[in-house]
> 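Got a structure for you, written out below as structure tokens; questions coming shortly.
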Amino acid sequence: MNINTKKNLTALLSLVAIIACIFCFCACQPDTTPVTNKSIVIVVGEKTLAVTTDKTSVGQVLDQLQSELKLSFTYSGRVGGEFGRMLLSIDDITPSADASKREFVNFLASTTDPKYVFVGAPVVINGKEFYSTNFGVDSMDVIDGVTYAFMLATY
């Protein structure tokens, strides 16, 4: 092989390597698709609310529903606080003021993903199985297709 052929071959291989790198870097660009809406269901006592939302936490969905006057709730704590908000009541679900009854608002989800719920004995509501969440409403992700429920419980 003569020197010119070697130089041309080296230049061609370098060009191919540069083009391959450009394709690799372009393929690794971050996903810029917009957030899509998720469909969830909120069950509070006898009330069932189907919701389509772009919110990221269940707490944000509850705020939205309260602003739309579809439900009401009271809480202690604050969004962004160490533990977020603790629901004191939601619609007609209000624990007794008598502390000896040991009642609280239980927050449940229909997912079985152990990242989100304690997968123990399920609570059955309207024929559907629910599990106690590992998070409060402000830290709980909105998961497409999941039903979230609130009920009076004791400890």
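This one's a predicted model, so the numbers in the text were calculated from it and none came from an experiment.
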> Aromatic contact between Phe118 and Tyr131, with the criterion being ring centroids under 6.0 Å apart: yes or no?
no
> Give, for atom OG1 of Thr52 and atom CG of Asn37, the distance between the pair rounded to the nearest 0.5 Å.
6.5 Å
> Take atom CD of Glu68 as the centre, draw a 6.0 Å sphere, and report whether it contains more than 12 heavy atoms from other residues, nucleotides or ligands.
yes
> Hey, could you give me the OG/CD1 distance between Ser72 and Ile90, rounded to the nearest 0.5 Å?
8.0 Å
> Would you indicate whether the side-chain heavy atoms of Phe107 and Val58 approach each other to under 4.5 Å?
yes
> Got Ser57 and Asp141 here, is their nearest side-chain heavy-atom distance under 4.5 Å?
no
> On a heavy-atom basis, which atom in Gly59 and which in Arg85 lie closest, and how many Å separate them?
O-NH2, 3.4 Å
> List the steps, then state whether side-chain contact (heavy atoms from CB on, under 4.5 Å) holds for Val44 with Ile93.
CA-CA 8 Å; Val44 181; Ile93 299 172; 3.9 Å; yes
> Could you name each residue pair satisfying salt bridge (Lys or Arg N to Asp or Glu O under 4.0 Å) that touches residues 97-117, not counting sequence neighbours?
none
> Checking side-chain contact (heavy atoms from CB on, under 4.5 Å) for the pair Tyr116/Ile143: CA distance, chi angles, key distance, verdict?
CA-CA 10 Å; Tyr116 297 105; Ile143 307 165; 3.5 Å; yes
> Can you find a heavy atom in the side chain of Asp144 that is under 4.5 Å from one in the side chain of Ile40?
no
> Rounded to the nearest 0.5 Å, what separation is found between the CG atom of Leu108 and the NZ atom of Lys128?
12.5 Å
> With the side chain counted from C-beta on, respond yes when Ile42 and Thr48 share a heavy-atom pair under 4.5 Å apart, and no when they do not.
no
> Say whether, by atom type as modelled, one donor and one acceptor occur between the side chain of Lys70 and the main chain of Leu65 under 3.5 angstrom.
no
> Please check if atom CG in Asp91 has more than 12 non-hydrogen atoms from other residues, nucleotides or ligands closer than 6.0 Å.
yes
> Could you give the distance from CD (Gln64) to CG (Leu71), rounded to the nearest 0.5 Å?
10.0 Å
> Any link between Leu62 and Val41 through a network of hydrophobic side chains (Ile, Leu, Val, Met, Phe, Trp, Tyr) touching at under 4.5 Å?
no
> Looking at side-chain heavy atoms only, is the closest gap between Met151 and Ile125 below 4.5 Å?
yes
> Considering residues at least two apart in sequence or located in another chain, which fulfil the side-chain hydrogen bond (donor to acceptor under 3.5 Å, both in side chains) criterion with Gln60?
Thr56
> Kindly work out whether a path of hydrophobic side-chain contacts (I/L/V/M/F/W/Y, heavy atoms less than 4.5 Å apart) joins Val117 to Val61.
yes
> What residues form a ring pair (Phe, Tyr, Trp, His ring centres under 6.0 Å) with Phe130, not counting sequence neighbours?
none
> Tell me the closest heavy-atom pair linking Leu87 and Phe73, and the distance in Å.
CD2-CD1, 3.6 Å
> Check whether any side-chain heavy atom of Asn106 lies under 4.5 Å from a side-chain heavy atom of Leu152, and answer yes or no.
no
> Evaluate the side-chain contact (heavy atoms from CB on, under 4.5 Å) criterion for residues Leu88 and Val105: first the C-alpha distance (whole Å), next the side-chain angles of each, then the deciding distance (0.1 Å), finally the verdict.
CA-CA 7 Å; Leu88 301 175; Val105 176; over 6 Å; no
> Roughly how far, to the nearest 0.5 Å, is the CZ atom of Phe150 from the NZ atom of Lys47?
12.0 Å
> Look up atom CG in Asp63 and atom CG in Asp138, then write down how far apart they are to the nearest 0.5 Å.
7.0 Å
> Short question: side chain of Ser110, backbone of Thr147 - any donor-acceptor pair under 3.5 Å?
yes
> One pair to check against side-chain contact (heavy atoms from CB on, under 4.5 Å): Met86 and Phe104. What are the steps and the verdict?
CA-CA 10 Å; Met86 181 178 98; Phe104 67 99; over 6 Å; no
